[in-house]
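Values below: all heavy atoms of this structure, side chains included; hydrogens, waters and symmetry mates excluded. The chains referred to below are lettered A, B, ... by the order of the sequence lines, with proteins before strands, and numbering in each begins at 1. Fair warning: this is a prediction, and the values are worked out from it, not measured in the lab.
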Amino acid sequence: MATNSKDYDFRQIEAHWQSFWEKNQSFKAVADPTRPKYYILDMFPYPSGAGLHLGHCENYAITDIMARYQRARGRNVLYPIGWDAFGLPTENYAVKTGRHPADVTRENVATFRRQLKSFGVSYDFGREVDTTDPKYFRWTQWIWLQLFKRGLAYVEEKPVWWCPALGTVLANEEIIDGKSEVGKHPVERRPLRQWVLRITAYADRLLAGLPALDWPDSTKRMQAAWIGRSEGSEVEFDLEGHPGLRLKVFTTRVDTLFGATYMVVAPEHALVPQLTLPAQKPAVAAYIRTAAGKSDLERTDLAKGKSGVFTGAYAINPVNGARLPVWVADYVLASYGTGAIMAVPAHDERDFEFAQEYKLPVIQVIAPKDGQPVELPFCTKGTEVRLINSGDCTGLTPPKAKEQLDRRFEGEGRGRGAVQFKLRDWLFSRQRYWGEPFPIVWVSEEDYATAVRLGDGTLSTPDEAVSCVIDGVRRMALPLPESALPLRLPIVTNYQPTGTGESPLATITEWLEIWYQPASGSAVPASQPPPGADWILARRETNTMPQWAGSCWYYLRFTDPTNDTALASPEALGTWGMPDIYVGGAEHAVLHLLYARFWHMVLFDLGVVPAEEPFRRLFHQGIILGEDGEKMSKSRGNVANPDDFISSHGTDTLRLYLMFLGPLEAMKPWNPRGIEGVHRFLQKVWRECLDLEGGVNPKLADGAVDAPETLRLLHETIKKVSEDIEGLRYNTAISQMMILTNALQKAPQVSRGTMRTFLQLLAPFAPHIAEELWARLGGAASVMTAPWPVHDPARLAVTEFKLVVQVNGKHRGELLVPADITEAGAVALATANAKVAPFLAGKPVKRVVYVPRKILNLVVEVPTTGNL
RNA sequence: GCCCGGAUGGCGGAAUUGGCAGACGCAACGGACUCAAAAUCCGUCGCCCUCUAAAGGCGUGGGGGUUCGAGUCCCCCUCCGGGCACCA
């Protein structure tokens with residue numbers, strides 16, 4: 001079964017075992033109710049033309065080691081891989097070359113698959129999924145229909161980030177410092193019709209689920225901050241001269257209401273036109289125009305200072321009747337809260353800055369309990385401060401005052417306690433070709449009503465129809481019947497952006513303008529005669545879904561990748577469930593992980609998945625930097641290519657070295673010289689197993705026995721390697737294996753069993769050499785099928801230990817003492833010790849600190865002589 | 001500005017609950033083997049003082065503290081990395 005190479009010929013050996021695994025389908029995951037399952041997931045790779053880089057290798061080595069370990073532990077492991085293949089780079093490449101993105105994708109995937117196999121990763125390639133495969137995106141579209149049906153998808157004409165250079169709309173997260181993340185092009189605002197998902201409806205649950213997750217704390221904190229839950233109050237202010245009209249604000253400091261000296265509304269606030277006095281109209285209009293033209297970067301640039309303009313209107317403070325001038329200023333965001341605030345400059349830094357700029361009054365209403373004067377703005381709240389100058393609230397603590405005011409306003413129908421979130425709804429469309437088409441058509445109101453009536457509940461229509469105005473006509477979004485999925489992309493010959501903001505799909509008239517049969521979802525071009533009476537004129541949606549869509553649920557598909565009646569069967573979901581561990585970069589801490597949790601919760605509510613949270617345990621591997629300590633990038637020329645190392649040192653060496661570099665979660669620089677060290681380690685393992693002719697090393701002869709120290713070290717190593725794999729501390733597991741190897745090398749003889757046990761420990765990390773040596777030492781079948789060794793606690797027992805003796809906390813000597821020595825016995829030995837005694841001479845021992853098995857610290861009087 | 005994480009030999013790192021700082025590896029140096037080199041093996045390898053050694057002193061970014069004892073805990077500061085950034 002093994003090769004016959006005399007020396008460590010890793011090229012031959014690695015190829016041999018890779019084909020062995022392939023032939024034996026060693027990694028095929030088959031449901032098996034007799035064994036506990038273990039589902040290991042990598043973050044979904046985008047198959048770029050550049051191929052696998054070291055970051056991928058790090059990620060996949062981590063999970064592969066876990067997968068091989070869990071298999072050896074008897075778990076039924078599901079360890080799949082697939083391709084998040086929609087997306088901009090491929091489309092951009094197609095634009096440049098005129099080739100179909102699907103062809104480009106196929107080639108890139110083939111490269112990735114070949115590289116992964118040469119890396120020796122134990123994926124079940126039989127379960128590959130590809131987001132661009134209609135069999136897959138059929139279910140992406142299906143999930144979207146469920147969101148649509150539940151009223152979680154809607155259309156809005158909204159100003160979005162438009163990048164002229166890319167010819168596309170970008171999401172906020174794709175813009176870094178006011179430039180496109182891809183290519184660093186300038187961006188501008190442009191209103192376009194967009195699909196939006198109502199993720200805010202799940203804000204509370206997305207936040208509430210976080211604490212129970214076994215995720216890095218920093219990631220949980222980032223998600224919590226992104227969701228941004230904030231408790232406060234809503235208060236409605238009457239407006240002078242506008243009976244019946246009220247201005248509603250959200251504030252977290254309703255307790256400072258007596259200190260409000262003006263109001264601010266966002267430039268986009270709906271009441272601005274109504275409130276602005278004729279004399280102020282030109283100034284306000286000019287201000288709003290300027291604000292609209294500003295980029296988010298300019299608007300949020302804190303260094304620029306605050307600007308605003310007075311509308312001429314006054315609001316009335318409900319607690320004291322004070323007249324509060326209403327200003328328009330862009331430091332108040334239309335998209336948060338009610339888009340309007342009460343300004344309390346004494347107790348808010350932003351309001352204070354604005355009040356200084358425009359000479360508005362500042363009234364202090366919060367003071368320290370002890371009445372000490374403070375510098376304004378004074379933003380402290382809590383129970384150490386009291387209200388002043390606040391009418392009947394004077395003397396209360398802020399929490400008490402909030403309670404009292406909320407209750408009072410609720411009684412008056414003018415306010416209430418309220419919660420706001422920073423989280424915004426999710427902009428879920430792109431004006432691109434290479435994405436999932438939306439499974440809806442736009443139809444007239446009459447046709448919509450008829451279709452819904454005849455559909456009799458079979459269509460996934462929401463309670464409240466989604467509509468928009470296209471070319472001046474009101475159109476309704478009519479979902480395709482589920483039986484008509486997938487809705488495929490039409491073949492186009494030109495992938496260029498239209499430049500109007502619409503996707504290239506808008507130029508395919510034959511596909512776009514159709515006669516449509518609502519019951520079947522069938523379509524023919526509108527240029528032809530209608531096939532029947534129940535066919536209606538319709539227009540397709542030209543937006544496509546963003547890349548996030550396919551990656552929101554792929555982990556479910558892996559459990560049942562070829563199912564064509566459901567996204568996955570309940571049985572498959574029952575067998576494999578959710579990933580037991582999910583490994584990928586921290587750059588996805590917020591968006592991908594939040595979006596996927598959102599979809600998952602919706603699917604949970606639908607009864608499709610059995611758990612509310614998709615990813616119970618999450619791990620982020622650290623970034624591998626270039627040799628220069630900078631991020632690897634082509635422009636810096638510091639990119640290390642995994643293929644080079646695989647051909648020069650073998651994949652076992654590369655895997656082992658990547659894992660040995662340092663803690664898996666740490667950011668660490670790549671040092672190509674260090675790879676020699678682990679390569680030498682594997683060479684040494686080879687030599688300890690085999691002689692120069694490739695036969696079994698004579699020191700492993702039948703009847704060879706291990707020294708007791710060797711056995712103890714072996715069991716220590718079993719324990720440490722097992723625990724370190726579980727805890728993802730691979731670097732220390734590897735050093736422990738090196739320590740054992742060094743000891744085996746020095747031992748005159750080693751039992752065959754000990755060596756084989758060691759090879760089992762090595763196998764998850766360096767599987768090819770472990771298989772080879774295991775077979776050459778007479779191991780049965782494959783090393784992977786041997787059950788994982790278990791350490792024997794009795795072997796770890798020691799009869800003696802080294803006791804460190806300190807005097808006044810300083811290391812003064814060490815003694816080899818029996819394991820069961822008493823404190824008195826230890827003190828007696830220590831005081832008699834030649835190294836320790838001089839430090840005790842003539843000084844009585846004041847105190848003895850004895851930590852069994854560790855240290856003995858004798859505390860004596862320190863002579864307090866004046867001179868040193 | 002706010003919230004996190006980090007700083008240990010020439011280098012990557014170890015020390016998981018306060019108990020021998022520097023495991024393991026790289027680099028370097030000395031030796032063995034060799035005609036020679038590579039490979040391999042044996043050894044040295046934090047800094048200072050010292051002819052060498054013995055012995056000692058100092059030492060985990062800086063300063064202070066708690067403790068018999070601090071890389072580890074507390075307070076202050078510096079630098080590096082990540083995230084958020086007018087969210088009322």
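- Regarding contacts with the backbone of B/A88, every side-chain N or O of A/Q420 stays at 4.0 angstrom or more from both OP1 and OP2.
- Note on A/R680: a side-chain N or O is less than 4.0 Å away from OP1 or OP2 of B/C26.
- Side-chain nitrogen and oxygen atoms of A/K854 include none within less than 4.0 Å of the OP1 or OP2 phosphate oxygen of B/G18.
- Residue A/R673 places none of its side-chain N or O atoms closer than 4.0 Å to OP1 or OP2 of B/A28.
- Residue A/N671 places none of its side-chain N or O atoms closer than 4.0 Å to OP1 or OP2 of B/A27.
- The nearest pair of heavy atoms linking A/L405 to A/D255 is CD1-CA, 4.2 Å.
- Rounded to whole angstrom, the span from the NZ atom of A/K846 across to the C1' atom of B/G69 amounts to 14 Å.
- Against RNA chain B, the stretch residues 714-729 of chain A makes heavy-atom approaches under 4.0 Å through A/D724, A/R729.
- Within 4.0 Å of A/F660, counting heavy atoms only, lies at least one base atom of the nucleic acid.
- Side-chain N/O atoms of A/R221 include none lying less than 4.0 angstrom from OP1 or OP2 on B/G82.
- In this structure, A/Y358 has its ring center closer than 6.0 angstrom to the ring center of A/W327.
- For A/R687, the side-chain atoms get nearest to B/C41 when compared with the rest of B/C41, B/G13, B/C84.
- Taking 90° from 0 as the syn/anti boundary, the base of B/G9 is oriented syn.
- Listed by first residue number, the stems of RNA chain B with at least three Watson-Crick or G-U pairs below 3.5 Å are B:1-7 with B:78-84, B:10-12 with B:24-26, B:28-32 with B:40-44, B:46-48 with B:56-58, B:61-65 with B:73-77.
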